[in-house]
Amino acid sequence: MTSLPKPRFLVIGSGFSGTVLARQLVEGMECFVEVWDERSHVAGNCHTERDAATGVMVHKYGPHIFNTDNEQVWKYVHRFGDFRPFVNRVKACTSRGMFSMPINLLTINQFFGKTMNPDEARNFIASLGDKTINEPKNFEEQALKMLGRELYETFFKGYTIKQWGCHPTDLPASVLKRLPIRFNYDDNYYEKKYQGIPAEGYTEVIRRILDHPNITVRLGEKFDVSSFHFSLSAFSYIFYTGPLDAFFGYSEGRLGYRTVTFEHVETDSSDYQGNAVINYPDLDTPFTRIHEHKHFTPWEKHDKTVAFREYSKETEPGDIPYYPKRLATDQALLKKYRSLGEGFSISPGGFPVSFLGRLATYRYMDMEAVINEAIVFSENVLQSFREKTAPPVFPNHER
Ligand code: UDP
């Protein structure tokens, strides 16, 4: 008796979503997975590599600090990497001086020249908040209600205009809700239970996730639906983690993204700024922040340093999409692309495909959310394959 050949799946994209999905598939059923990435390296925007001149591990697409409350996700990444404790203690360089971010009791006391305790500071900040705003409708209203005008204009307004390229009144209040305000001296940028950075970098973690006899990786392999000839004898199913609008050749228009660019800081110093991240919220400084990467690995010693100024701009054709803007026009476009996605498998020239991850679902997602969703999604996919039903096309319902 001959056994049936193992199915082959194609995963487009080797960021955390594609990589975790590939691994879960080969561990969950008898199958082969091919992972394609158009870049020359795995790991997507989490990619890290040692800087040739200094030996410092550099986060090539900007700083990534792993932070999660999710036990399952924390355990998952530990299977593939040695995560060292790292706490991001961001500073903000403003025209009024250098302060601690996110806004905490030290920031408040230093900014207002006071020595308040937590209760006093809470009452003081409440007295500054704009009482006329009940339900904040946007970022600016949320900030004015929570903090008042002076703190908002010093720490948020300019940074947000630079970061998002639009006025804070055009952004959802949820963007500010990512940042806490604290009435104690805790200056940890994140509030999550587990925080760290992989000792050998993210690319090594991803490489290990992909290190399985039934997974093949093809780098420099661009996926383009218009030239891709789907055949069931090659792949029985495609999982796409690239940008949703790119999959459809931007037929309905481009989803709005911000991208960031990095400018190498020329320095002979061994320690350029004394900290991993310093934000520059003033509008007259053109960049948003400077990151100095040796400070992300305090367990390593380096004589030299490497730092980058980060600039934010609108994404143009050829740029790497980073932050989904999700303005009203984008939401309308997303709806169209999602319905194209839902119908794609039965459309002329279509094939069975699911969309997963930050770019394919057009959401602002941290690494932990991407990994968690890939784990949950792969369980649903495996169940569908077992039951011989179609897997979900998207992992989430769009609100
Ligand atoms: N933000 C700001 N000033 C800062 C840091 C952040 O105004 O010094 C705003 C900005 O709009 C940013 C948002 O708060 O997009 C969320 O910050 P977070 O650090 O979460 O941004 P991300 O991780 O997306 O870079």
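The structure displayed is predicted, hence computed values, not measured ones. We count ligands from 1, going down the list as the structure has it; atoms in each ligand are counted the same way.
For Asn279, a nitrogen or oxygen atom sits less than 3.5 Å from a nitrogen or oxygen atom of ligand 1, counting backbone and side chain alike. Where the criterion is an N or O separation shorter than 3.5 Å, residue side chain and backbone included, Phe155 meets it with respect to ligand 1. Residue-to-ligand polar distances place Phe156 within reach of ligand 1: an N/O pair is separated by less than 3.5 Å. Taking only nitrogen or oxygen atoms, main chain and side chain alike, Lys157 does not reach within less than 3.5 Å of ligand 1.
The list of salt bridge (Lys or Arg N to Asp or Glu O under 4.0 Å) pairs with a residue in residues 286-295, not counting sequence neighbours, reads Arg289-Glu310.
Looking at Ser269 and Asp271, their side chains never bring a donor and an acceptor atom within 3.5 Å of each other. For Ser14 and Asp37, the side-chain atoms include at least one donor-acceptor pair closer than 3.5 Å.
Tyr311 and Phe287 have perpendicular rings, their planes meeting at more than 60° on a 0 to 90° scale where under 30° would count as parallel.
Taking Ile, Leu, Val, Met, Phe, Trp and Tyr as members and joining any whose side-chain heavy atoms lie under 4.5 Å apart, directly or through other members, Val87 forms no hydrophobic cluster with any other residue.
Among all non-hydrogen protein atoms, the one lying nearest atom 14 (O) of ligand 1 is Leu179 CD1, 3.7 Å. Looking only at heavy atoms of the protein, atom 15 (O) of ligand 1 is closest to Trp164 NE1, 2.9 Å. At the top of the distance list for atom 1 (N) of ligand 1, counting protein heavy atoms only, stands Tyr159 CD2, 3.5 Å. Thr160 OG1, 3.8 Å is the protein heavy atom nearest to atom 9 (C) of ligand 1. Looking only at heavy atoms of the protein, atom 25 (O) of ligand 1 is closest to Tyr323 OH, 2.9 Å.
Contacts with ligand 1 closer than 4.0 Å are made by no heavy atom of Leu171, backbone or side chain.
Between Arg208 and Glu200 there is no salt bridge, since no side-chain nitrogen of the basic residue lies less than 4.0 Å from a carboxylate oxygen of the acidic one.
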